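Read the structure below first, then the notes.
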Amino acid sequence: MKQFPPVDIIPPDYNTNPLFLNNSDMSDNEYNFRDIEKKWQNYWRDCGLFRVDANDTSHEAKEKFYCLVMFPYPSGTLHVGHGRNYIIGDVVTRYKIMKGYRVLSPIGWDAFGLPAENAAIQKQIHPSIHTKDNIRKMKSQLERWGVGYDWDREVTSCKPDYYKWTQWIFLKLFENKLAYKKKASVNWCPSCSTVLANEQVVEGLCERCDTEVTQRDLEQWFFRIANYAQRLLDDLETLDKWPEKVKTMQANWIGRSEGASIDFTLQESKEVISCFTTRPDTVYGVTFMSLAPEHPLITELVKGTDNEESILQFVSRIKNQNFVERTSEGTEKEGIFTGRYVTNPVNGEKVPLWVANYALMEYGTGAVMGVPAHDQRDFAFARKYDLPVMRVIEPSDSEKRQQTEKVDEAYVEDGIQVNSGQFDGMHNREAIPKIIRFLEEKRYGKGSINYRLRDWLISRQRYWGAPIPIVYCESCGTVPIPEEELPVLLPENVEFKKKGQSPLADVEEFVNTTCPSCKGMAKRETDTMDTFVDSSWYYLRYLSSNDDTQAFDPEVVNKWLPVDQYIGGVEHAILHLLYSRFITKVLSDLGLLGFNEPFKSLFTQGMIVKDGAKMSKSKGNVVNPDFIIEKYGTDTQRLYTLFMAPPQRDAEWNDRGIIGAFRFLNKLWKNVVALQTEFNNIPRREITHDLFSKETKELFRQINITIKKVTEDIEESWHFNTAVASIMELLTVVTNFTEGQGGRKFEDENGINDFNVLRHALETIVKILAPFVPHISEELWVICGNEPGIFSVSWPLYNKDVLEAEQVEMAVQINGKVRSRVTVESEISEDVLKMRIMKEERICELLDGKEVLKIIIIPKKIVNIVIK
RNA sequence: GCCAGAGUGGCGGAAUUGGCAGACGCGCCGGAUUCAAAAUCCGGUCCUCGCAAGGGGGUGUGGGUUCAAUUCCCACCUCUGGCACCA
């Protein structure tokens with residue numbers, strides 16, 4: 001079997017690259033990360049630190065915590081940018097373990113998809129081999145990073161034991177009329193040779209390969225996500241632990257607008273053309289109506305008219321324009337008169353019917369009522385074709401009214417209705433509901449809400465996906481495969497041709513089958529499902545990944561979900577996260593789930609960029625973590641990744657920065673190892689505060705301050721960078737303490753007490769670093785004289801009574817400028833403080849001959865003397 | 001155009017119920033150690049005037065509120081992301 005060629009990584013320059021500066025000779029007492037990391041990874045595996053028996057009820061006292069990172073596409077190699085996601089997830093997992101939760105932290109592979117198939121075409125390697133190989137590589141990478149998962153729950157979406165249930169979910173939707181096939185104009189990517197969902201088209205380009213997307217009329221499978229638009233929108237409000245940004249993006253995508261749909265009637269045939277408008281208050285100002293070039297009525301309407309040919313020419317010219325030509329804002333409004341008229345129901349006006357390039361078939365009904373007086377686009381159109389402009393709303397303020405009388409733009413603001421029959425004189429906002437009621441009473445139309453969200457197109461004309469479990473039978477029509485016959489297996493022996501149709505269509509054994517219903521001859525659906533279907537439910541499968549009787553066990557799933565913490569990239573803000581919410585709601589409606597939002601709390605991490613650009617092979621700026629781990633260890637990689645910036649923000653990777661993280665770990669290592677004899681010989685005792693010297697007291701205070709800071713940074717803001725910084729500061733305090741008095745001795749009772757405070761300090765550092773750099777923490781924990789297993793130790797609590805220092809330095813300002821400093825007792829009274837300050841030589845000098853207006857005292861911080 | 005978010009030393013970034021701007025790290029400069037280097041350790045490092053003591057300026061720009069503004073208010077500029085001929 002051919003080996004998949006290794007991913008090309010630019011070899012580092014050993015002479016100039018700071019990552020490869022010489023530090024290779026390690027003596028016994030050196031920080032030997034290679035052995036340490038291997039050792040503890042094996043230890044966690046053997047003791048099952050991350051293994052969770054979801055059915056086990058013996059831990060009921062412990063609260064559950066489901067920590068989920070977005071499962072990766074097995075692309076082959078993960079770079080340090082991907083690493084961030086898993087490292088953050090691992091910090092949360094390990095922290096929660098120390099906080100006493102039962103933590104479920106699973107992982108799997110989003111393993112279907114185009115790249116594997118494209119590689120297959122290029123290199124003639126079967127996608128399943130390619131994928132399996134990549135999974136193997138990436139799995140070993142994740143293991144080397146020391147990120148902890150319950151590997152017994154691993155899922156792989158391209159395996160039949162997984163996609164069987166993806167197909168089952170399709171059937172559930174099909175049974176409930178939420179999956180359907182229709183002919184529609186759909187997005188087609190010529191380079192990927194497949195259709196795409198709206199969500200996968202970005203500015204007219206294929207999201208994946210940036211090829212220009214064209215439109216094709218094809219019969220395709222859709223999921224009725226549009227039916228869920230309102231609920232997907234409403235329930236965003238319940239997601240209080242999601243970033244506002246993501247919720248806004250979803251709300252924009254759903255794009256709800258309120259208005260009315262109004263029925264205009266064709267004058268000849270009496271056929272009704274409805275149009276949607278958000279401004280029913282302007283209906284009296286309609287002077288023309290526009291149809292989208294794709295509107296199905298056009299062909300019929302223009303048949304036999306004088307202008308038939310030029311109209312059809314116009315339509316086909318517009319249809320053939322590319323996305324940018326057609327939809328960019330600067331594109332000139334163009335249209336052509338159809339020769340037909342419709343009647344405006346509210347006033348009986350005869351309204352010319354046009355075809356216009358700016359009317360979109362995919363929004364509303366594909367027909368727009370033209371109100372040039374109050375819509376800028378209609379205005380431009382009317383100007384160009386000399387159509388009448390009819391004002392029906394005027395500014396309430398008469399001065400403004402004069403100003404706007406002859407201006408070259410539409411009046412789009414609010415105002416008073418005019419020329420609007422019975423509604424004249426009303427404020428337009430007030431008129432809207434009244435006009436809607438009027439339309440409804442007269443059966444001219446109705447109040448209506450329109451959404452931008454379209455149904456989810458899930459068919460793909462490609463091989464490497466889950467087959468859609470449907471057959472087409474001449475006598476029975478479209479027939480779903482019965483549940484018990486799942487999975488519909490993806491055939492292994494297929495030929496990968498360069499471009500074109502799905503290879504499945506050529507596999508006769510696959511295509512030709514019998515109808516499950518009448519047992520007659522039938523043909524299988526040869527399209528596969530969008531991979532976003534696979535990923536829309538994987539978080540459920542983790543709870544019963546080895547169950548071959550059901551997709552998930554409702555009881556277990558209801559116990560462990562919703563996911564307590566979901567972590568992933570913001571690029572999935574709409575796609576994956578919207579689809580998952582939809583599928584969860586559907587399954588919940590079917591009574592299969594007891595919750596209707598899958599992810600309680602969402603964290604989106606920023607990208608790691610290098611040289612100002614996203615890491616990519618083509619740009620050659622990929623930083624491979626393997627080299628870093630080889631030279632410095634994964635704890636260093638982890639520490640730097642966490643330290644470089646707050647994780648929600650994009651961050652610039654700097655190779656030099658790694659060194660700072662490595663230095664810190666070495667410094668910590670040396671400090672602990674240097675005390676090994678003392679750790680072994682000096683008895684562990686309760687700390688006695690009465691024996692504290694000034695330095696000891698300060699050290700003890702700093703320990704507590706640091707615990708507080710780190711705990712809050714993890715729990716509240718996720719600012720791991722400042723958490724790490726504060727631990728670095730504590731280590732400096734520790735170093736100063738041990739080196740104080742020319743090297744501290746721990747001999748008498750005071751000394752033993754001091755040592756126990758020092759031990760407390762180092763053990764605290766090791767504990768609060770454990771979620772960040774678990775390997776070195778485990779090792780140092782043992783060196784401090786403890787039994788192995790730092791993750792069975794509780795997260796330290798701080799003593800809030802010792803956070804305050806006895807003395808504080810305060811800045812003394814005169815008119816807002818710092819002129820002096822005083823060190824005073826922190827609980828000093830204002831009067832005593834004022835007296836102290838007035839004795840300061842420098843202050844006296846500056847105040848000499850000046851009038852003091854007032855003195856502002858901010859306790860423990862600042863004194864500001866205001867003078868004239 | 002609309003809606004979010006951001007703008008702080010040479011660099012990554014700290015600090016917002018208004019209270020000493022620049023924590024921590026990188027880099028750089030100086031020193032110790034070394035035959036020399038690497039590694040390590042110590043000190044310095046916002047700009048500017050000054051030998052110094054000390055002074056002046058400084059958080060995108062311009063205003064404002066305040067004893068005090070990176071933080072609050074108004075106007076604007078730039079960048080990033082989302083939506084956009086959406087009726």
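Note that the coordinates shown come from a computational prediction; the quantities given were computed from them, not determined experimentally.
With C1' as the reference atom, C29(B) and G9(B) are 16 Å apart, rounded to whole Å. Here the separation of G18(B) from C85(B), taken at their C1' atoms, is 46 Å to the nearest Å. Annotation: U66(B) and U70(B) have their C1' atoms spaced 16 Å apart (nearest Å). Comparing the C1' positions of G7(B) and C67(B) gives an interatomic distance of 29 Å, to the nearest angstrom. Comparing the P positions of C46(B) and A38(B) gives an interatomic distance of 25 Å, to the nearest angstrom. The separation of A21(B) from G12(B), taken at their P atoms, amounts to 23 Å, rounded to a whole angstrom. Rounded to whole Å, the separation between the P atoms of A53(B) and U61(B) comes to 30 Å. With P as the reference atom, C47(B) and C11(B) are 12 Å apart, rounded to whole Å.
Looking at heavy-atom distances under 4.0 Å, A380(A) makes no contact with the nucleic acid at all. Counting non-hydrogen atoms under 4.0 angstrom, R842(A) reaches the backbone sugars and phosphates but no base. Within 4.0 Å of K860(A), counting heavy atoms only, lies no atom of the nucleic acid at all. At the heavy-atom level, E809(A) lies under 4.0 Å from base atoms of the strands shown.
Searching all strands for a Watson-Crick or G-U wobble partner of G81(B) with both distances below 3.5 Å returns C3(B). If you check A38(B) for Watson-Crick or wobble pairing at under 3.5 angstrom, you find it has no partner at all. The partner of A21(B), taking Watson-Crick or G-U wobble pairs whose two distances both stay under 3.5 Å, does not exist in any strand shown. In a base pair of the Watson-Crick type (N1 to N3 plus N6-O4 or O6-N4) or a G-U wobble (N1-O2 and O6-N3), with each distance short of 3.5 Å, A75(B) is matched with U61(B). If you check U45(B) for Watson-Crick or wobble pairing at under 3.5 angstrom, you find it paired to G27(B).
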Just the table, please: protein N/O against nucleotides 24-26 of chain B N/O, every pair under 3.5 Å.
from	atom 1	to	atom 2	distance (Å)
C26(B)	OP1	R663(A)	NH1	2.5

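Considering only the side chain of V368(A), A87(B) comes nearest among C85(B), A87(B), C20(B). The listed nucleotides are G19(B), C86(B), A87(B); the one nearest the side chain of R452(A) is C86(B). Considering only side-chain atoms of R377(A), the nucleotide from C67(B), A87(B), G82(B) that sits closest is A87(B). The side chain of A811(A) lies closest to C20(B) when the candidates are U40(B), A87(B), C20(B). Ranking G56(B), C83(B), C20(B) by closeness to the K817(A) side chain, first place goes to G56(B).
In this view, E845(A) satisfies the salt bridge (charged side-chain N to carboxylate O under 4.0 Å, His left out) rule with no residue, not counting sequence neighbours. Applying the salt bridge (charged side-chain N to carboxylate O under 4.0 Å, His left out) test to E809(A) and every residue at least two apart in sequence or in another chain returns R821(A).
Contact of R821(A) with C20(B) (side chain to base): a donor-acceptor pair of N or O atoms is detected under 3.5 Å. With hydrogens and angles left out, the side chain of N864(A) and the base of C67(B) share a donor-acceptor pair within 3.5 Å.
Close placement of the F288(A) and F381(A) rings is indicated, their centers lying within 6.0 Å of each other.
Atom OH in Y363(A) sits roughly 15 Å away from atom P in C83(B) (whole-Å rounding). As rounded to whole Å, 18 Å separates atom P of C86(B) from atom CD of E258(A). Atom CD in Q813(A) sits about 12 Å away from atom C1' in A69(B), given to the nearest Å. Regarding Q648(A), its CD atom lies at a distance of 16 Å from the C1' atom of G81(B), rounded to whole Å. Summarising the geometry, the separation between NZ on K861(A) and P on A15(B) is reported as 14 Å, rounded to the nearest angstrom. Atom P of nucleotide A69(B) and atom CD1 of I856(A) are separated by 12 Å, given to the nearest angstrom. Atom pair M644(A):CE and C11(B):C1' shows a separation of 12 Å (rounding to whole Å applied). Separating the CG atom of L731(A) from the P atom of A23(B) is a distance of 18 Å, rounded to the nearest angstrom.
The phosphate of G55(B) (OP1 or OP2) has a side-chain N or O of R819(A) nearer than 4.0 angstrom. Proximity of N721(A) to the phosphate of A14(B): a side-chain N or O atom is located under 4.0 Å from OP1 or OP2. A close approach under 4.0 Å does occur between a side-chain nitrogen or oxygen of R649(A) and OP1 or OP2 of A14(B).
Between the T282(A) side chain and the V371(A) main chain, no donor and acceptor come within less than 3.5 Å of each other. A donor-acceptor pair under 3.5 Å links the side-chain atoms of N815(A) to the main chain of I867(A), judged by distance alone.
Shown here, G43(B) is classed anti by the O4'-C1'-N9-C4 or O4'-C1'-N1-C2 angle, which is more than 90° from 0.
Salt-bridge check for E729(A) with K709(A): failed, with every basic side-chain N at 4.0 Å or more from each acidic carboxylate O.
Classification of the W718(A)-F720(A) ring pair by plane angle, with boundaries at 30° and 60°, yields tilted.
Between K245(A) and T735(A), the one whose closest nucleotide on RNA chain B sits nearer the 5' end is T735(A). Between N357(A) and H719(A), the residue anchored closer to the 5' end of RNA chain B is H719(A), taking for each the nucleotide with the nearest heavy atom.
Atom NZ of K708(A) sits in a sparse spot, with 12 or fewer heavy atoms from other residues, nucleotides or ligands closer than 6.0 Å. More than 12 non-hydrogen atoms from other residues, nucleotides or ligands lie less than 6.0 angstrom from NZ of K384(A).
The nearest pair of heavy atoms linking N357(A) to E332(A) is ND2-O, 2.9 Å.
Contact annotation: the side chain of E804(A) approaches that of K860(A) to within less than 4.5 Å [non-hydrogen atoms, C-beta and beyond].
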